[in-house]
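Lettering of chains follows the sequences in order, A, B, ..., and the numbering in each one begins at 1. When reading the values below, keep in mind they use all heavy atoms of this one structure, side chains included, and skip hydrogens, waters and symmetry mates.
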Protein chains: 2
Amino acid sequence: MTKLVDAKTQASWFSRVREAHQSETAEDYVELIADLIAVQQEARLSDIAQRLGVRHASASKVLARLAAEGYVESLPYRSIFLTEKGAALAARCKARHKIVLEFLIRLGVSPETAEYDAEGIEHHISAETLAIFKRFRG
Amino acid sequence: MTKLVDAKTQASWFSRVREAHQSETAEDYVELIADLIAVQQEARLSDIAQRLGVRHASASKVLARLAAEGYVESLPYRSIFLTEKGAALAARCKARHKIVLEFLIRLGVSPETAEYDAEGIEHHISAETLAIFKRFRG
DNA sequence: TATAATTTTTAGCCTAGGCTAAAATTTTAG
DNA sequence: CTAAAATTTTAGCCTAGGCTAAAAATTATA
Ligand SMILES: [Mn+2]
Ligand SMILES: [Mn+2]
Ligand SMILES: [Mn+2]
Ligand SMILES: [Mn+2]
């Protein structure tokens, strides 16, 4: 290492990562809720929590925030629904997740490992990189 | 979507992402400190904070944690040094960061975008995927 | 239908990492 | 050498998202 990049430029990289982390929970929740509704006809808190690997009290608190922010709706003690806003986000995230996962597999990563990596990577992929991932063939 | 993966399996993906996020701050700090020492002979709190895009008070608090965890050392009001443990982590992270960045550029991502994406992606790349990134040619 | 089991909510606690404001210390200039 | 400027530390506040424990509501069973 002989020279450092401009400080503001470098700061903008880290800032973008922090922004991505702020959206990440909402993204993972709505994507999961959409899948649960698609397959099981409903998204119950207990299933959401179990699949996220957190306690139901934690999931309940996050869902309260997502409801306040207009991503989900529910009646007390009933299952969770996506708003239009939530469904749109879920669709985008699901498409992005699939592109990242399939890219890794085409690259030669084992499907098991690809699942682990994709779950984190998906939130840090720019539109430019995503387009390249999408096009990529072996 | 017609079927969901096993719940425990899916939960393990999310758990791994949460684990990665717990190490992320330490990784970015030690890598940056190593670079500052390499280029400017010392890592000052004000430079660290500026390059991370956070206030110096925030960086100071994080550095106190990293010192408690044995990654860095410093005397009050003096510059920051890496312990052996911190330097080893920095070296690993720097190598990984470079592999991810250069992979993205070889893939065809513009260097500017690649910098943004690499800063987040690097923390979510398994050893298996990293090895594949390293080997990849155009 | 009453009771037991399950599910969801709520309360309260914790840590990480943002922030501002102000105090303490070091460094620079006059 | 002293006063001003810059840097670092500290205090106190905030939000997100983990946790446990317990209360409340729903659902299943006897
Ligand atoms: Mn994810
Ligand atoms: Mn990073
Ligand atoms: Mn890095
Ligand atoms: Mn991340």
Side-chain angles (χ1 to χ4, degrees), chain A residues 7 11-33 36 40-81 119-120 123, chain B residues 7 11-33 36 40-81 119-120 123:
Chain A
S12 76
W13 303 338
F14 287 114
S15 296
R16 173 177 295 194
V17 175
R18 287 192 296 270
E19 279 168 32
H21 286 159
Q22 283 214 289
S23 334
E24 174 157 351
T25 304
E27 293 174 354
D28 287 332
Y29 271 69
V30 298
E31 188 185 342
L32 173 58
I33 291 166
L36 285 166
Q40 307 188 337
Q41 285 72 54
E42 62 172 0
R44 309 290 320 204
L45 169 69
S46 56
D47 292 324
I48 294 168
Q50 204 187 339
R51 286 182 176 276
L52 283 160
V54 299
R55 293 300 187 162
H56 52 264
S58 305
S60 184
K61 198 188 283 189
V62 170
L63 287 167
R65 173 174 72 79
L66 298 186
E69 292 176 357
Y71 293 105
V72 305
E73 285 173 332
S74 66
L75 296 170
Y77 295 95
R78 292 267 114 92
S79 66
I80 315 295
F81 297 91
E119 196 57 71
H123 309 281
Chain B
S12 75
W13 303 337
F14 287 113
S15 295
R16 174 178 295 194
V17 175
R18 286 193 297 270
E19 279 168 32
H21 285 161
Q22 283 214 293
S23 333
E24 176 158 348
T25 303
E27 292 174 355
D28 286 332
Y29 271 69
V30 298
E31 188 186 342
L32 174 57
I33 291 165
L36 285 167
Q40 307 187 337
Q41 285 71 54
E42 63 174 357
R44 308 291 317 204
L45 169 68
S46 56
D47 293 323
I48 294 168
Q50 204 188 338
R51 286 183 175 275
L52 282 159
V54 299
R55 294 298 187 164
H56 52 264
S58 305
S60 184
K61 199 191 280 191
V62 170
L63 287 167
R65 174 175 74 78
L66 298 186
E69 292 176 358
Y71 293 104
V72 305
E73 284 174 333
S74 67
L75 295 171
Y77 295 93
R78 291 267 115 92
S79 66
I80 316 294
F81 297 92
E119 197 57 73
H123 309 280

With sequence neighbours excluded, tell me which residues meet side chain to side chain contact (heavy atoms under 4.5 Å, CB included) with A:Ser23. A:Glu27
Separation of atom CG in B:Leu63 from atom P in D:dT10, rounded to whole Å: 12 Å
Closer to the 5' end of DNA chain D via nearest nucleotide, is it A:Arg44 or B:Arg78? B:Arg78
Identify, with sequence neighbours excluded, every residue that meets side chain to side chain contact (heavy atoms under 4.5 Å, CB included) alongside A:Ser74. A:Ile80
Checking all strands, does B:Ser46 fall into the base, sugar-phosphate, or nothing category for heavy-atom contacts under 4.0 angstrom? sugar-phosphate
B:Ser58: which residues meet the side chain to side chain contact (heavy atoms under 4.5 Å, CB included) condition with it, sequence neighbours left out? B:Val54, B:Arg55
With A:Arg44, which residues qualify under side-chain hydrogen bond (donor to acceptor under 3.5 Å, both in side chains), at least two apart? none
Side-chain donor-acceptor pair present, A:His21, B:His21, cut-off under 3.5 Å: yes
Residues forming a side chain to side chain contact (heavy atoms under 4.5 Å, CB included) with A:Glu19, sequence neighbours excluded: none
Please state how far atom OH in B:Tyr77 lies from atom P in C:dT25, giving the value in whole angstrom units. 5 Å
For nucleotides 2-6 of chain D, print each protein N/O atom paired with a nucleotide N/O atom at under 3.5 Å, atom names and distance only.
none

Scoring nucleotides 14-21 of chain D by protein non-hydrogen atoms under 4.0 Å (B base, S sugar-phosphate only, - none) yields --SSBBBB
Atom CG of B:Leu75 and atom P of C:dT26 are separated, to the nearest Å, by 11 Å
Of all pairs that satisfy salt bridge (charged side-chain N to carboxylate O under 4.0 Å, His left out), the ones with a partner from residues 58-75 of chain A, not counting sequence neighbours: A:Arg65-A:Glu69
N or O in side chain of B:Ser60 less than 4.0 angstrom from D:dT8 OP1/OP2: no
Can you list the residues that meet the side-chain hydrogen bond (donor to acceptor under 3.5 Å, both in side chains) rule with B:Thr25, with sequence neighbours excluded? none
